[in-house]
2 protein chains.
Amino acid sequence: MLNITRKVEYALIALRHMQSKNDIGLTSAKEIAAQYGIPKQLLAKTLQQMSREGIVKAVHGPTGGYKIAANLKKISLKDFFEKLEGPLGMMDCYFDSECVQISNCNIRVPIQRINNNMRDMFSQMTLQEITQ
Amino acid sequence: MLNITRKVEYALIALRHMQSKNDIGLTSAKEIAAQYGIPKQLLAKTLQQMSREGIVKAVHGPTGGYKIAANLKKISLKDFFEKLEGPLGMMDCYFDSECVQISNCNIRVPIQRINNNMRDMFSQMTLQEITQ
DNA sequence: TTATATACGACAAAAATTATCGTATATAAT
DNA sequence: ATTATATACGATAATTTTTGTCGTATATAA
């Protein structure tokens, strides 16, 4: 319960790996997959997604790869999680509001409160703190 | 990502429902299931688990049911979650230490830090705050 | 004795997650 | 030009987790 996904885990590993190179040069999905024993294709897709989100920059062709493109100090963990996995909450009703039970749900308000706490917490942590 | 389970959700609903009765009388799984549109058997199992954990007390037989047995002010949300769902962390490696990759995992330390933050947060909230 | 409630292991269904496949495109090197 | 290697990405498959059900046993009020 309350786990992050492999996708996010792989993304963090990749970012940290790239950052350890001091933003110099490119890193291929292959290199990271091999070093950390991660499925290459899945990692590649995750890097592609981060590329679309502007977190990394992709370079095609042989000798190509990825490099960090954003200022990780300016991306909160909350934003990062939501870029990769969508809305961040303990229960979907926080966003959906489509719950059939909503009329007699008796824990909606307290759940919202916890959600806000959690979102606050992850808003106050930056990607940089994880990958530095 | 970072969702709680239905089991925990149902447990919270049940506790809040029972508490709204001011700890007077018993409440059957059937009653709660009907009122909130919850699968009865699953709810029953959850109540049974809470009974084993001493959170509620069960009474057999017709006119039987459950009532709150513990002081909810003294049970943190972290303890509650862990009673129902086991160790609370964003990644299993926080507890397992059985991860094959552990030797070259580069995000273990920062992940532990986030985990600790999360556990602290839920340690500071009580069940009472949710169900009152 | 009957009806109704809890107790619980085993099993089944459904959903979400994780991983792979196939194909297309870009580009450096030969 | 051709080749080799990298990213791009939709579709699909495999796996795992979550969610729900079944069957049977036990307790107890009426």
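Letters go in sequence order (proteins before strands), and every chain restarts at 1.
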Treating Ile, Leu, Val, Met, Phe, Trp and Tyr as nodes and any side-chain heavy-atom pair under 4.5 angstrom as an edge, say whether B:Phe81 and B:Met121 lie in one connected cluster.
-> yes

Rounded to 10°, the angle between the first-five-pair and last-five-pair axes of the helix from C:dT1-D:dA30 to C:dT30-D:dA1 is 0°

Round to a whole Å and report the spacing from CD of A:Glu85 to C1' of C:dA16.
-> 11 Å

Would you call B:Phe80 and B:Leu12 a side-chain contact if the rule is heavy atoms closer than 4.5 Å?
-> yes

Check the distance between D:dT18's P and B:Ile38's CD1 and give it to me in whole angstrom.
-> 18 Å

Please determine, for the side chain of B:Lys30, which listed nucleotide (C:dA5, C:dA7, C:dA28) has the closest atom?
-> C:dA5

Could you check B:Pro62 against A:Lys45 and say which one's nearest nucleotide on DNA chain D is further toward the 5' end?
-> A:Lys45

Nearest-nucleotide comparison on DNA chain D, the residue closer to the 5′ end among A:Val59 and B:Lys40 | A:Val59

Atom CD of A:Gln49 and atom P of D:dC9 are separated, to the nearest Å, by 10 Å

Protein-nucleotide distance (B:Leu47, atom CG; C:dC8, atom C1'), rounded to Å = 14 Å

Residue closer to the 5' end of DNA chain C, A:His60 versus A:Tyr10 (nearest nucleotide) = A:Tyr10

Of all the heavy-atom pairs spanning B:Gly64 and B:Ser28, show the shortest one and how long it is.
-> O-CB, 4.3 Å

Decide yes or no for B:Leu15 and B:Ile55: does some side-chain heavy atom of the first lie under 4.5 Å from some side-chain heavy atom of the second?
-> yes

Per B:Ser28 side chain, nearest of listed nucleotides C:dT20, D:dG23, C:dA5 = C:dA5

Atom CE of A:Met1 and atom C1' of C:dA16 are separated, to the nearest Å, by 17 Å

With the side chain counted from C-beta on, respond yes when B:Gln19 and B:Ile68 share a heavy-atom pair under 4.5 Å apart, and no when they do not.
-> yes

What integer distance in Å separates B:Lys7:NZ from C:dC8:P?
-> 13 Å

Results of salt bridge (charged side-chain N to carboxylate O under 4.0 Å, His left out) for A:Glu31 - residues two or more places apart only | A:Lys21

For A:Leu42 and D:dT15, give me the distance from atom CG to atom P, rounded to whole Å.
-> 15 Å

Sugar-phosphate, base or nothing in reach of B:Ala58, heavy atoms under 4.0 Å = sugar-phosphate

Validation row: A:Phe122, B:Leu2 side chains within 4.5 angstrom (heavy atoms) = yes

Starting at atom CD of B:Gln48, determine the distance to atom P of D:dA27, rounded to an integer number of angstrom.
-> 14 Å

Return no unless some side-chain N or O of A:Arg52 is found under 4.0 Å from OP1 or OP2 of D:dA8.
-> no

